[in-house]
Amino acid sequence: MIYNTLTNTKEEFVPLQEGRVSMYVCGVTVYDDIHLGHARSIVVFDMVNRYLRLIGYDVTHVTNFTDVDDKIINRANEEGVDALELSARYIERYYQEIDSLNVLRADIYPKASESMEAIVAMVQDIIDNGYGYATEDGNVYFSIDAVKDYGRLTNQSLDDMVAGSRDVMQDPLKRNNMDFAVWKAAKPGEVSWPSPWGPGRPGWHIECSAMIRDRLGDLIDIHGGGNDLIFPHHENEILQTEAVTGGTLARYWMHNGMLQVRDEKMSKSLGNFLRVSEIIKNHDAQTVRFYLLNTHYRGPLVYAEGSLEEAHSSLRRLWNGYRELQAYLREPPGDDDATDIIASARERFHTEMGDDFNTRAAISALFELTREMNRMTSAATLSHQGAEDALRLLQEADSVLGILPVDKEVAEMDQVVSILADVRQELRRRRIFDLSDLIRDRLKEAGIQLEDAGEGVKWKKT
RNA sequence: GCCGGGGUAACAUAGAGGCCAUGUGGCGGACUGCAGAUCCGCAGACGGGAGUUCAAAUCUCCCUCCCGGCCCCA
């Protein structure tokens with residue numbers, strides 16, 4: 001089930017082609033670093049992508065870069081650099097930052113600047129089909145009067161929107177104030193591309209329509225983005241595509257909720273944003289992902305001081321349980337396979353994920369599994385088979401969530417730490433506690449927490 | 001004004017007619033040289049008001065507060 005903004009209901013997900021999913025997610029305008037709000041959208045659709053793959057779909061995930069735009073040009077002028085140079089720089093940073101968030105890269109990242117042929121062709125089609133007109137000064141507008149049913153996604157009539165819209169500078173050559181630019185004539189000195197209407201650049205909405213058509217085809221399965229894009233961006237994308245193809249653009253529209261800071265939307269224009277590059281200095285990717293996925297993607301999420309710290313505390317519980325299971329494989333086993341517990345946890349996980357990607361509820365199932373497993377490992381009733389099955393389920397879930405510790409590092413360090421731990425155990429046995437505590441304290445300073453358990457010593461990174 | 005999303009225990013979030021919500025934090029126990037982890041138990045809740053129902057946090061209506069969209073935005 002997927003909640004479809006088009007119908008405002010949850011619908012059964014049926015892809016166009018069996019076993020295949022085409023998904024387009026609106027990316028960012030690259031004139032600054034990404035912030036936690038962008039990260040939310042990116043991580044949410046990363047989760048969607050990963051889950052669809054987990055359950056067997058062959059997904060083609062496309063996310064664009066808007067690298068030609070007023071704000072980029074302005075910023076470039078301020079800094080005295082070339083606009084495309086500036087956007088290329090931020091695209092590089094974007095990649096670094098999503099990598100640091102353990103995000104699976106999309107299959108294709110088209111850029112507006114590299115899709116001009118498709119864009120110009122689409123503008124031409126719009127004009128040819130009677131949905132657009134060029135003005136004498138080289139702009140091309142989409143004619144709102146040519147469409148019959150406006151506002152399907154917004155669920156609002158044209159009249160209502162005109163009534164509430166603020167006054168903006170209008171081009172007197174527009175036939176209708178609601179007409180929007182699909183091609184903008186270049187001002188002197190601006191980056192531009194040649195076109196039948198003179199040098200210029202694409203309007204904001206057209207690039208997505210054109211790139212979708214170019215990369216994925218006329219009709220796609222899922223179109224995603226932040227819910228602040230519903231109007232006008234996605235609304236206009238629909239109009240443009242329909243003007244050209246005569247059919248609808250996407251079957252399922254998914255929109256993630258906004259991240260708020262102190263009751264305000266986090267946004268570049270409000271200047272209240274937290275850069276991912278800053279956050280990642282103090283928090284690991286797993287914690288950030290856990291924070292973002294431990295709530296439903298459609299609802300608002302309010303960031304407050306300490307939110308990430310709290311997320312980390314919660315997440316540690318999962319980590320502890322996970323490591324406990326790994327350690328348990330080296331201990332004398334019990335004979336309980338916990339088959340039912342694990343099976344019902346798996347079922348619950350998939351039921352919740354299948355219900356419009358309810359990661360919050362799916363994570364609850366993992367916590368409950370962890371409690372059961374902790375109970376059984378501490379009582380040593382769990383079998384090795386049971387521990388392996390539970391680990392496998394956690395790993396399966398993690399292939400979607402990306403919140404568990406990375407095993408590789410653990411294995412590398414395990415050997416070294418265990419030597420120190422053994423020495424310390426011997427000191428404790430001889431009741432030389434000052435030295436044993438010294439080892440523990442020094443390790444803690446190095447970010448490694450030793451924990452004495454009944455049967456042995458465990459360690460983890462703090 | 002119009003259109004969405006929200007208001008759930010100290011905090012963060014699920015849930016959407018009856019059944020034990022999840023985590024953090026708090027309190028009390030078990031374990032323990034100490035610390036930590038873990039387990040067991042406890043407290044504490046559905047913004048307000050009507051209504052429907054045997055039964056409402058969940059459905060209907062009214063009110064109220066917050067956030068977002070209607071120029072740019074994930």
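The model shown is predicted, which means the values in this text are computed figures rather than measured ones. So you know, we letter chains A, B, ... as the sequences are listed, proteins then strands, and number each from 1.
When each of G36(B), A74(B), G69(B) is scored by its nearest atom to the side-chain atoms of R316(A), the top-ranked nucleotide is G36(B). Which of G69(B), C34(B), C39(B) sits closest to the side chain of D228(A) comes down to G69(B). For F231(A), counting side-chain heavy atoms from C-beta on, the closest listed nucleotide (G33(B), G23(B), G69(B)) is G69(B). You'll find that the side chain of Q260(A) is closest to C67(B), out of C39(B), C67(B), U13(B). Of the candidate nucleotides U38(B), U22(B), U13(B), U38(B) has the atom lying nearest to any side-chain atom of N374(A). Of the candidate nucleotides G5(B), C39(B), A74(B), A74(B) has the atom lying nearest to any side-chain atom of M258(A). With G5(B), A37(B), A74(B) as the candidates, the nucleotide lying closest to the side chain of Y3(A) is G5(B). Among the nucleotides C70(B), U38(B), G33(B), the one closest to the side chain of S378(A) is U38(B).
Distance check on atom P: C40(B) versus U52(B) gives 44 Å, rounded to whole Å. Taking atom P on both nucleotides, C59(B) is separated from G6(B) by 11 Å, rounded to a whole Å. Rounded to a whole angstrom, the distance from the P atom of U8(B) to that of G4(B) is 22 Å. Rounded to a whole angstrom, the distance from the P atom of C61(B) to that of C3(B) is 14 Å. Taking atom C1' in both A55(B) and C67(B), one finds a spacing of 34 Å when rounded to whole Å. Using atom P as the reference point in both G36(B) and G48(B), the two lie 39 Å apart (nearest Å). Using C1' as the reference atom, A56(B) and G15(B) are 14 Å apart when rounded to the nearest Å. To the nearest whole angstrom, the two C1' atoms, one in A9(B) and one in C46(B), are 9 Å apart.
Note that CD1 of I98(A) is 3.5 Å distant from OH of Y109(A), once rounded to the nearest 0.5 Å. One finds the CZ atom of F433(A) at 4.0 Å from the CZ atom of R431(A) (value rounded to the nearest 0.5 Å). For the atom pair H205(A) NE2 and Q240(A) CD, the distance stands at 7.0 Å (nearest 0.5 Å).
Atom OH of Y303(A) and atom P of U13(B) are 13 Å apart (whole Å). The CZ atom of R440(A) sits 6 Å away from the C1' atom of C34(B) (whole-angstrom rounding). In this structure, Y109(A) atom OH and A74(B) atom C1' are separated by 14 Å, rounded to whole Å. When the P atom of C71(B) is taken as reference, atom NE2 of H205(A) falls 10 Å away, rounded to whole Å. Spacing between atom NE2 of H233(A) and atom P of C72(B) amounts to 10 Å, rounded to whole angstrom units. Atom pair H312(A):NE2 and A12(B):P shows a separation of 20 Å (rounding to whole Å applied). Rounding to whole angstrom units, OH of residue Y90(A) and P of A74(B) are separated by 14 Å. Remark: C1' of G4(B) and CG of N227(A) are 8 Å apart, rounded to the nearest angstrom.
Side-chain atoms of E207(A) and T66(A) include a donor-acceptor pair closer than 3.5 Å. A donor and an acceptor atom, one from each side chain of S41(A) and N256(A), are located under 3.5 Å apart. With 3.5 Å as the limit, one finds a donor-acceptor pair spanning the side chains of Y3(A) and N8(A). Side chains of E237(A) and H233(A): a donor-acceptor N/O pair is present below 3.5 angstrom, by distance only.
Within the 4.0 angstrom heavy-atom criterion, no nucleotide atom of any strand lies near Y297(A). Using a 4.0 Å heavy-atom cutoff across all strands shown, G306(A) reaches no nucleic acid atom at all.
Near RNA chain B, meaning a heavy atom under 4.0 Å away, the residues from residues 286-296 of chain A are N294(A), T295(A), H296(A).
With sequence neighbours excluded, no residue forms a side-chain hydrogen bond (donor to acceptor under 3.5 Å, both in side chains) with Y291(A). For E278(A), the side-chain hydrogen bond (donor to acceptor under 3.5 Å, both in side chains) partners are K281(A), not counting sequence neighbours. The salt bridge (Lys or Arg N to Asp or Glu O under 4.0 Å) test applied to R105(A) returns D99(A), not counting sequence neighbours. Legend: residues meeting side-chain hydrogen bond (donor to acceptor under 3.5 Å, both in side chains) with R89(A), ordered by chain and number and at least two apart, are E79(A). Annotation: side-chain contact (heavy atoms from CB on, under 4.5 Å) contacts of A285(A) (sequence neighbours excluded): N102(A). Partners of R40(A) according to the side-chain hydrogen bond (donor to acceptor under 3.5 Å, both in side chains) rule, which considers only residues two or more places apart in sequence or in another chain, do not exist here.
Within the structure, salt bridge (charged side-chain N to carboxylate O under 4.0 Å, His left out) contacts touching residues 355-369 of chain A (residues at least two apart or in different chains) are K10(A)-D355(A), R298(A)-D356(A), R348(A)-E368(A).
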Show your reasoning for whether side chain to side chain donor-acceptor pair (under 3.5 Å) applies to S113(A) and D67(A). CA-CA 6 Å; S113(A) 65; D67(A) 64 344; 2.6 Å; yes

Dot-bracket for RNA chain B, 5' to 3', with Watson-Crick and G-U pairs under 3.5 Å, [ ] for crossing pairs and | for other-strand pairs: what is it? (((((((..((((....[..)))).(((((.......)))))....(((((..]....))))))))))))....

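Note: F65(A) and Y95(A) meet the aromatic proximity criterion, with ring centroids under 6.0 Å apart.
In this structure, R360(A) does not reach the U22(B) phosphate: none of its side-chain N or O atoms is under 4.0 Å from OP1 or OP2. In this model, the phosphate group of C40(B) is approached by a side-chain N or O of R375(A) to a distance below 4.0 Å at OP1 or OP2.
For D69(A) and R201(A), the salt-bridge test fails: no basic side-chain N is under 4.0 Å from an acidic carboxylate O. Using a 4.0 Å cut-off between a side-chain N of Lys or Arg and a carboxylate O of Asp or Glu, K444(A) and D441(A) do not qualify as a salt bridge.
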Using the 3.5 Å cut-off, write out each protein N or O paired with an N or O of nucleotides 41-43 of chain B and the distance between them.
none

For nucleotides 28-32 of chain B, which of its nitrogen or oxygen atoms have a protein nitrogen or oxygen under 3.5 Å away, and what is each distance?
none

Show the distances under 3.5 angstrom between N or O atoms of the protein and N or O atoms of nucleotides 24-26 of chain B.
none

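In this model, no side-chain donor or acceptor of N8(A) finds a partner on the base of G5(B) within 3.5 Å.
The 5' end of RNA chain B is approached more closely, in terms of each residue's nearest nucleotide, by L301(A) than by the other of L301(A) and E372(A). Place P232(A) and E368(A) on RNA chain B by their nearest nucleotides, and E368(A) ends up nearer the 5' end.
Using the six-membered ring where Trp is involved, W253(A) and H234(A) have ring planes that are tilted, between 30° and 60° apart.
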